[in-house]
Amino acid sequence: MKILVINCGSSSLKFQLIDSDSEAVICKGLCERIGIEGSQIVYTPTGKDKITKVEPMPDHNRAIELVIEALTNSENGVVSLDEIGAVGHRIVHGGEKFTKSVVIDDEVIKAIEDVSDLAPLHNPANLIGIRACQKVMPGVPMVAVFDTAFHQTMPQEAYLYGLPYSYYEKYGIRRYGFHGTSHSFVSKRAAEILGKNPADLKMIVCHLGNGASLSAVDGGKCVDTSMGLTPLEGLIMGTRTGDIDPSVVEFVMKKENSTVADVTNLLNKKSGVFGLSDNLSSDFRDLEAGYNEGHAGARRAVDAFVYRVVKYIGSYTAAMGGVDVICFTAGVGENSGFVRKLICDRLGFIGAKMDAEANKVRGEEKVISTADSKVTLLVVPTNEELAIARDTYALCK
Ligand code: AMP
């Protein structure tokens, strides 16, 4: 079966067409600037050159039409429309309603709408993507795959904030966690690589990308993760603060005479390693270069980022009563031996020893610990699209 995977943002739409038998990507691409002047679709049929078409896209319906046109046109298309057997949609927030992927029907759409206040920037865009696909591909089964679902096994002691309990009951204010599709995929793949049963492993997955989060996975189940009600909590990220004292919000508002929206923007878009480096960059390639040149901002930002990751690894080791495997994934985790080394150099207290030669790896599955390391250190590239395609196939075959 050919599965179309859709990741719909407010003004962008990423897609991949995946063959469920071979799990090969047949075509992938991106619609940019939907609803904004200068919109374009960029896509690459596997083995062919990248194609860019500048086309007006007033809304997501038009974007989906162009995706279908790109996949099926007679010149460089890769399938006929009736070959697309199912569509998998990435949905950011499933609240407590969704603990696993589900086939989309009217009830599911209503439930996604109901939790939209928990992710006001993301869920409405995801819903637009679903409706646009339904319009263009009526009758094709669709599946919702939630970023929050894998973390729904967290125990109450890990997901509750120290707020009056009634706020959890009335408003659902609790920690949900994100990047769940990635944490699930990587933890399962790590067990496969090591030839172990996930039930026998205590694992920490470090998803270090522009957005970054850690999860503690005990016996194959998530028991804690660093993001919270929203993806702002936890690690210091590309442009997000991660954990801060909530009083900072009011303090900054008074000092800068600014609004809640201004401060929310500051915490999400201007902070993290970008803000800490004095706006040098949010990209770890630039920060690594700056670090090695002795740029004070780059050093401060990278050191704070690494410290926070190490602190979380320590706390998750305590939470699980030990750790067997630490996995690195996503843009930084897969590609930056520099950042992995800085982190692992501080993990001697749990008996983790990095193999410097093995750590030269980039974007490939590899054990990067020494044979006598008490903890296995592993690089596992994530593949959220494949994980979505697998769930979609499992529910629609
Ligand atoms: P992601 O959000 O997973 O796509 O990760 C994107 C981030 O990965 C970028 O902003 C970079 O900081 C980082 N990244 C990608 N390639 C490299 C690399 N070769 N070395 C260091 N960092 C990288």
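Order of appearance sets the numbers: ligands from 1, and atoms from 1 within every ligand. All values below were derived from every heavy atom in this structure, side-chain atoms included, with hydrogens, water molecules and symmetry-related copies excluded.
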Short N or O distance, Gly211 and ligand 1, threshold 3.5 Å exclusive: no
Close-contact set for ligand 1 against Val332 heavy atoms, below 4.0 Å: 8 (O), 12 (O), 13 (C)
Ring geometry between Tyr168 and Tyr165 (parallel below 30°, tilted from 30 to 60°, perpendicular above 60°): tilted
Any N or O of Ser336 closer than 3.5 Å to N or O of ligand 1: no
Protein residue, atom and distance nearest to atom 7 (C) of ligand 1, heavy-atom basis: Asn210 N, 4.0 Å
Atoms of ligand 1 close to Ala330 [distance to a heavy atom under 4.0 angstrom, numbered from 1]: 3 (O)
Cys8/His60 under side-chain contact (heavy atoms from CB on, under 4.5 Å): CA gap, chis, key distance, verdict: CA-CA 9 Å; Cys8 201; His60 288 75; 3.2 Å; yes
Protein residue, atom and distance nearest to atom 11 (C) of ligand 1, heavy-atom basis: Asp283 OD1, 3.3 Å
Pairs touching residues 168-183 that satisfy salt bridge (charged side-chain N to carboxylate O under 4.0 Å, His left out), sequence neighbours left out: Glu96-Arg174, Arg175-Asp224, Arg175-Glu233
Nearest protein heavy atom with distance in Å, relative to atom 20 (N) of ligand 1: Arg285 CG, 3.5 Å
Which of the ligand 1 atoms, numbered from 1, are nearer than 4.0 Å to a heavy atom of Gly209: 1 (P), 2 (O), 3 (O), 5 (O)
Short N-O contact, Lys135 and Glu65, less than 4.0 angstrom: no
Protein residue, atom and distance nearest to atom 17 (C) of ligand 1, heavy-atom basis: Asn335 CB, 3.6 Å
Protein contact of atom 22 (N) of ligand 1 - nearest heavy atom, named by residue and atom, plus distance: Phe284 CB, 3.7 Å
Residue pair Ala119 / His93: nearest heavy atoms and the distance that separates them: CB-CB, 3.7 Å
Residue and atom name of the nearest protein heavy atom (relative to atom 5 (O) of ligand 1), distance in Å to one decimal: Gly331 CA, 3.3 Å
Shared hydrophobic cluster, Phe305 / Leu287 (ILVMFWY, side-chain heavy atoms < 4.5 Å): yes
Atom indices of ligand 1 within 4.0 angstrom of Arg362 heavy atoms, with elements: 19 (N)
Salt-bridge contact Arg131-Glu113 (side-chain N to carboxylate O under 4.0 Å): yes
Which segment of Glu288 sits under 4.0 Å of ligand 1 when only heavy atoms are counted: neither
Parallel, tilted or perpendicular, as decided by the 30° and 60° cut-offs, for the rings of Phe15 and Tyr43: tilted
Pairs where residues 180-201 contributes a residue and the test side-chain hydrogen bond (donor to acceptor under 3.5 Å, both in side chains) is met, not counting sequence neighbours: Ser182-His207, Ser182-Thr382, His183-Ser213, His183-Ser215, Ser184-Lys188, Arg189-Glu192, Arg189-Glu365
